[in-house]
Amino acid sequence: MATKLKKYSYSYGLKIIAFVIAITTLTSGLYLMFDTMIKTDGDLNLRVLFEDNYYQSNEFHYDVESIASDLSQLINHYKNEEYIKEGKTLNKDYLEERTQNLYYEFTSNSKEYNPNLSETENREKFREIYKTQIDNIKNDMIEDDLKEFNNIKERLNNKDGLIYFAKYGEEIFKNSNNITSDSFKNYPSYVFIENNYVSGYPEQFEENNSRGLYNLTHYIEDSSSKIYLGFTDSYLQPQIDEWQEDKKAIEAVANKVLILLVIFLVSFIYLIYSAGRKPEDDDIHLSFIDKIYTDINIILEFILIALWPLLGILPFNNMSMAIKLFIPVTALISTIGLLLLLSLIKHIKNKTIIKHSVIYIIGHKLFSFFKDVYNNGNVAVKVVLLVIGYPLFVVATFFMFPITIGLAAYLALRKVKEFNSIKEGVKKIKDGDLDHKINVSSNGEFNSLANDINSIADGLNSAVENEVKSERLKSELISNVSHDIRTPLTSIITYVDLLKREEHDEKTNEYIDVLDNKSQKLKVLTDDLFEASKANSGNIPVNLEKINLVSLISQGIGELDDRVQESDLEFKLNTKTKDIYVLADGKLLWRAIENLFSNVFKYALNDSRVYIDILENKENVSLTIKNISAYELNISPDELMERFKRGDESRNSPGSGLGLSIAKSLIELQNGEFDIEIDGDLFKVTLKLNKSE
């Protein structure tokens, strides 16, 4: 017990010592800077620490610029006394302003003003009446310019050791007869401003020149202007001595402040490390001052920072009072401020910097209340709570307005993120990704909506799977039935053929012809049905190779020449080149095209034209077949693509209604596209096939 008490006393004593050292060093350092600032008339020029000599200093720069400015005023503006007396230096804007004030007085108070006259007439009358006053204003301004002209000359002549020469046109101002540049180079230091360039001596001046003295060129009007400045030892030495004294004084203060700063930082770092700690454990222990809420603590810190200059360093009208007040006021404010800062550090260590704040406590309680109501209410209740509750919350927490805005923006962005998640999920499901799940973390309306959409997607997925399974079973059934029909149908066709070879009476021959016709038609239907089933199921092997589409079409039309002649159709093949290659299976491609030609022979209007266009672009090759239908096409393209669907609703035309469906399936097996368009009686089929490199 005694050992623990001893450790506690030792630790507590170290903290007090470190605290006292921190306050002492901080107060002393600030006092040193304050005292130096008073001794330098408020000009604490820290840049002198980084200057090696007077010629690199701001003081030299300001002196040169001030002299150049005065000489520029003389040669460019005032020129000479006669020039000023002639009124050529008058500030026309200022003269106009004062004249306008007289005119306002004339219009308001003078009986001579006649509102019935025009503005020009009143102005002429005003100039006649107020001529004396206007002349007095001009004379006063001329007198002021003469005074300033003489003041500048006197100011330049009072600078002991300064030699100058300034020229602009015929105007020259100088205080020496040696006005050549070589004569000025005999002085210990000189500055030349001419030809839009600034040069000077010694070398340190050139270093300073790179930091700003080039701006002196704006004091000369053009290339004919020049300003030469020479500085003798009698001018330079007092300035150099004063600069050196200032540098030594500021260096001494800077060294002391640096030492105090190091000591302060060491003690401050120890206070940060030891804040809230006790020797017996690693927990963070809070004291009575730590009960102050952290946001109020921060506000108090800013108030102390604002009070310090008001109480400690502003009474410059009484320097002795300022010096007496500075140390106690600074020590008091530093003590309170450091205690508050260490309290914040304890809360940071304890991870309660946010939770132990008025903002968090009020916000958390309000948020929890509204969250409970929000999660348990319907949409109308939630909207009303948001519309009414948030403005009230902002008013109640006006002192932390930026935080409440940030909180609202965070919650709004969170809801927008949930909405976008639902929106993207619906798009994916719409595009066919039925396995996609929308995840929303909250328990509100968006979560319920997401779950409902996920349920719909599950239902759609199940329906699609059932539809695919049903379609597969249907295809298998059609394929199996077609295969089973083929065997007895082959026997029927064979026996009908045998019967046709025997001699029969006329009536029997008619029956045999009917049997032959129907059996052949049934065979065609069975073959088409079987092929449609295979094509739709994708069980047909595909061998993709390089095919010359133009040659294939030309050769096909030639082979079908007999049918072309019978139908009285005129086929027109349009292509820009004879060689257009596609990547396709030759047999399947011709089978699809043959189905399309067969469709043309069955349904195209006699004595009409059939247009076949082959176009090639960067991505694919398109084959378009267009013809005029003999039947009225009062049917949509999608409906026409259905199996067993024909162009004539009466079904009197030949065919099974499977040709287009088979052609579409065969083209899609070759990675192509099949499209139908109907415009009145115009029937148009477009095939798109991949190009062969």
Side-chain angles (χ1 to χ4, degrees), residues 524 528 547-582 584 586-617 619-642 644-668 670 672-689 691:
V524 172
D528 286 348
I547 304 293
N548 190 330
L549 185 58
V550 178
S551 297
L552 181 67
I553 297 297
S554 301
Q555 183 179 350
I557 294 174
E559 292 178 359
L560 298 172
D561 185 62
D562 293 340
R563 298 189 66 181
V564 172
Q565 297 299 328
E566 290 176 6
S567 63
D568 294 328
L569 296 173
E570 183 180 357
F571 281 75
K572 295 284 187 179
L573 177 59
N574 300 318
T575 177
K576 292 182 179 180
T577 177
K578 294 181 179 180
D579 297 320
I580 297 179
Y581 294 96
V582 296
K587 292 181 180 180
L588 299 182
L589 179 57
W590 172 245
R591 180 72 179 92
I593 295 172
E594 187 179 28
N595 277 8
L596 296 177
F597 283 162
S598 177
N599 191 71
V600 170
F601 293 135
K602 292 174 185 176
Y603 299 108
L605 183 66
N606 290 336
D607 297 325
S608 62
R609 294 182 181 87
V610 179
Y611 293 95
I612 303 172
D613 300 327
I614 302 177
L615 298 175
E616 180 182 18
N617 55 40
E619 299 178 355
N620 52 41
V621 176
S622 64
L623 169 64
T624 304
I625 301 174
K626 296 181 286 185
N627 66 273
I628 302 299
S629 175
Y631 302 95
E632 184 179 356
L633 295 175
N634 53 355
I635 186 172
S636 67
D638 292 336
E639 190 177 359
L640 193 59
M641 285 300 304
E642 295 177 4
F644 307 108
K645 201 72 177 180
R646 301 189 193 177
D648 62 322
E649 293 295 331
S650 63
R651 303 183 67 85
N652 292 325
S653 60
S656 60
L658 294 170
L660 293 178
S661 178
I662 293 172
K664 183 176 185 295
S665 298
L666 293 176
I667 293 300
E668 289 177 348
Q670 300 169 79
E673 297 179 14
F674 188 97
D675 185 55
I676 291 177
E677 294 181 35
I678 296 175
D679 186 3
D681 292 336
L682 177 64
F683 180 78
K684 178 180 175 181
V685 178
T686 302
L687 308 182
K688 290 185 180 179
L689 299 167
K691 289 178 62 176

Checklist entry - Under the side-chain contact (heavy atoms from CB on, under 4.5 Å) test, which residues partner K576, sequence neighbours left out? => result none
Checklist entry - Considering residues at least two apart in sequence or located in another chain, which fulfil the side-chain contact (heavy atoms from CB on, under 4.5 Å) criterion with E668? => result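 Here the qualifying residues are K664.
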So do [Y] and [X] actually touch side chain to side chain, heavy atoms under 4.5 Å?
X	Y	value
F683	N599	yes
L589	V582	yes
L596	F674	yes

Could you measure the distance from the [atom1] atom of [X] to the [atom2] atom of [Y]? Nearest 0.5 Å is fine.
X	Y	atom1	atom2	answer
Q555	W590	CD	CH2	8.0 Å
E677	K684	CD	NZ	4.5 Å
F571	L560	CZ	CG	7.5 Å
E594	K587	CD	NZ	13.5 Å

Item to check | side chain to side chain contact (heavy atoms under 4.5 Å, CB included) between Y581 and L549, intermediate numbers included | outcome: CA-CA 6 Å; Y581 294 96; L549 185 58; over 6 Å; no
Anything under 3.5 Å between a donor and an acceptor, one on a side chain of residues 620-628, the other on a protein residue two or more places apart or in another chain? List them.
residue	atom	partner	partner atom	Å
N620	OD1	N617	ND2	3.2

Restricting to non-hydrogen atoms, name the atom on [X] and the atom on [Y] that form the minimum distance, rounded to 0.1 Å.
X	Y	value
A604	A630	O-CB, 3.8 Å
L573	S554	CD2-OG, 3.5 Å
G672	L689	CA-CD2, 4.4 Å

Checklist entry - With N548, which residues qualify under side-chain hydrogen bond (donor to acceptor under 3.5 Å, both in side chains), at least two apart? => result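 side-chain hydrogen bond (donor to acceptor under 3.5 Å, both in side chains) list for N548, sorted by chain: S551, D579.
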Item to check | Any pair counted as salt bridge (Lys or Arg N to Asp or Glu O under 4.0 Å), so long as it reaches residues 547-562, sequence neighbours left out | outcome: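 Checked against salt bridge (Lys or Arg N to Asp or Glu O under 4.0 Å) - neighbours excluded - no pair reaches residues 547-562.
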Show me the donor-acceptor pairs within less than 3.5 Å that the side chains of residues 605-616 make with the rest of the protein, sequence neighbours left out.
residue	atom	partner	partner atom	Å
S608	OG	L605	O	2.4
D613	OD1	N574	ND2	2.8
E616	OE2	K691	NZ	3.4

